[in-house]
Amino acid sequence: IEHLRTAAAGQRLVTLTRSGAVLVYDTARWKEIAAFPWAGAPVVALYGTALGRFVAAVCLDHSIHILDGTQGRLVSSFLGHTDPIQALSFFPDQMRVVSAAADATLRIWGIENSDCLRVLAGHTGIVKTVCVSPDGGRVFSGGQDKTIKVWDSSSGDHLFTLEGHSSWVSQIRVSADGQEALSASWDGTLRLWDLAGASCIRVLRGHGAPIRQALFCEDGEHLLSYGEDHSLRLWDRRTGARLAVYYSNEPIRQVFDDSA
């Protein structure tokens, strides 16, 4: 198994096998209820939220397929990006998704009608990361051009840009209250941003290598990050103090993140 996601409040488990097939299981009976062998391009990643109904399967041919985790059926498919998809995030209403790609664009898709609702263009390189604000009103993206861009999700308008990283932005996440954003970068730093003022609150340093992932912890008081230095670090959100460090003997592939 290469990837897995839970869906329907934990009642379904969606897995991606090494062969590129997607399998859906009923967790109450631990029984396979659906299989998607994908006769075309193989699936390379799964995206979704634990409480959500849908799971998105991203394929090598730049297509996206939305699966209903409750019923184990294919709901819709999207094709529009011209280069590999790097990240995807569901909107809170679970009726739209936004994808980020190596073609320097983001696309907002309607799940019910399979339409591309908006194309967000403005980055000058690969878009590596994307997330949606808790109210669904804004989209946040970052990538190769070292910037974080904030977009209006309804109009597709670019609202403002956050700058400060000296290398790729590898991940962007927004706090549950929608007031702050957290970015991770290949420059080895994290940055906490005040969204009302579009300014950097503080820079968190300590990783000795590019940072792959960062997130707000559920308690709202802590931040978590991991990097290519094989370390997982816990930070105090209010002070920026490093509270704990865990070193792994092997690279950490992924920290489960249900905020995307």
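Computed over heavy atoms, backbone and side chain alike; hydrogens, waters and symmetry mates excluded. In what follows, residues are counted from 1 in the order of the sequence shown. Keep in mind that this is a model prediction, so the values were computed, not measured.
Salt bridge status for Asp103 with Arg107: absent, with no side-chain N to carboxylate O gap under 4.0 Å.
In this structure, the separation between CG on Leu232 and CD on Gln213 is 9.0 Å, given to the nearest 0.5 Å. For the atom pair OG of Ser99 and CD1 of Ile64, the computed distance is 4.0 Å after rounding to the nearest 0.5 Å. To the nearest 0.5 angstrom, Trp186 atom CH2 is 13.0 Å from Gln171 atom CD. Between the SG atom of Cys59 and the CD1 atom of Ile85 there is a distance of 8.5 Å, given to the nearest 0.5 Å. Rounding to the nearest 0.5 Å gives a distance of 5.5 Å between CG of Leu120 and CH2 of Trp151. Rounding to the nearest 0.5 Å gives a distance of 8.0 Å between CD of Gln179 and CG of Asp194.
Residues Val132 and Leu117 share a hydrophobic cluster, clusters being chains of Ile/Leu/Val/Met/Phe/Trp/Tyr side chains in contact below 4.5 Å. Ile172 and Trp168 end up in different hydrophobic clusters when Ile, Leu, Val, Met, Phe, Trp and Tyr side chains are linked at under 4.5 Å. Cluster membership check: Tyr226 shares its hydrophobic cluster with Leu243, using side-chain heavy-atom separations under 4.5 Å among Ile, Leu, Val, Met, Phe, Trp and Tyr. No path of Ile, Leu, Val, Met, Phe, Trp and Tyr side chains, each step under 4.5 Å between heavy atoms, connects Leu162 with Ile126, placing them in separate hydrophobic clusters. Phe160 and Val169 end up in the same hydrophobic cluster when Ile, Leu, Val, Met, Phe, Trp and Tyr side chains are linked at under 4.5 Å.
A donor-acceptor distance shorter than 3.5 angstrom exists from the side chain of Arg118 to the backbone of Ser154, with no hydrogens or angles considered. Side chain of Asp236 to backbone of Arg238: a donor-acceptor contact under 3.5 angstrom is found. A donor-acceptor pair is defined here as one N or O able to donate and one able to accept, closer than 3.5 Å; no such pair exists between the side chain of Ser153 and the backbone of Val139. Formation of a donor-acceptor pair under 3.5 Å by the Ser133 side chain with backbone atoms of Arg138 is found in this model. When atom types are taken as modelled, the side chain of Asp187 and the backbone of His165 share no donor-acceptor pair closer than 3.5 angstrom. Of the possible polar contacts, one joining the Arg233 side chain to the Gly206 backbone as a donor-acceptor pair under 3.5 Å is found.
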**Report entry** Worked verdict on Cys217 versus Leu234 for side-chain contact (heavy atoms from CB on, under 4.5 Å)
**Finding:** CA-CA 9 Å; Cys217 295; Leu234 183 69; 4.1 Å; yes

Query - side-chain contact (heavy atoms from CB on, under 4.5 Å) between Leu74 and His65, worked out - result: CA-CA 7 Å; Leu74 179 65; His65 305 275; 3.8 Å; yes

Query raised in the report: Should Asp68 and Phe54 be marked as a side-chain contact (heavy atoms from CB on, under 4.5 Å) after you check the CA-CA gap, both sets of side-chain angles, and the distance that decides it?
Result: CA-CA 5 Å; Asp68 185 322; Phe54 300 113; 4.2 Å; yes

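Side chain to side chain, His207 and Ser231 meet the donor-acceptor criterion of an N or O pair below 3.5 Å.
Every side-chain hydrogen bond (donor to acceptor under 3.5 Å, both in side chains) that Asp26 has, sequence neighbours left out, goes to Arg29. Among residues two or more places apart in sequence or in another chain, the salt bridge (charged side-chain N to carboxylate O under 4.0 Å, His left out) test is passed with Asp219 by none.
Looking at heavy atoms from C-beta onward, Val127 lies out of side-chain contact with Gln86 at the 4.5 angstrom threshold. Looking at heavy atoms from C-beta onward, His123 lies in side-chain contact with Thr147 at the 4.5 angstrom threshold. In this structure, the side chains of His81 and Thr105 come closer than 4.5 Å at one or more pairs of heavy atoms. Side chains of Thr129 and Arg173 form a contact here, defined as non-hydrogen atoms less than 4.5 Å apart. Contact annotation: the side chain of Trp109 never approaches that of Ile66 to less than 4.5 Å [non-hydrogen atoms, C-beta and beyond]. When side chains are defined from C-beta on, Leu223 does not count as touching Leu190, because their heavy atoms never get closer than 4.5 Å. The shortest side-chain heavy-atom distance between Ser141 and Lys149 falls under the 4.5 Å cut-off. Between Leu195 and Phe140, the closest side-chain pair of non-hydrogen atoms falls below 4.5 Å.
When all heavy atoms of Val43 and Ala57 are compared, the closest pair comes out as CG1-CB, 3.9 Å. Contact detail for Val174 and Phe216: the closest heavy-atom pair is C-CE1, 3.6 Å. The two residues Ser76 and Ser114 make their nearest non-hydrogen contact at CB-OG, 2.9 Å. Summarising the geometry of Val203 relative to Cys200, their closest heavy-atom pair is CG2-SG, 4.0 Å, with the distance given to 0.1 Å. Taking every heavy atom of both residues into account, Lys128 and Ser170 meet most closely at CG-O, 3.9 Å. Closest approach of Thr161 and Glu163 over heavy atoms only: CG2-CG, 3.7 Å.
Within 6.0 Å of CZ on Arg202 lie more than 12 heavy atoms contributed by other residues, nucleotides or ligands.
Both the sub-6.0 Å distance and the 45° axial angle are satisfied by Arg96 relative to the ring of Phe91.
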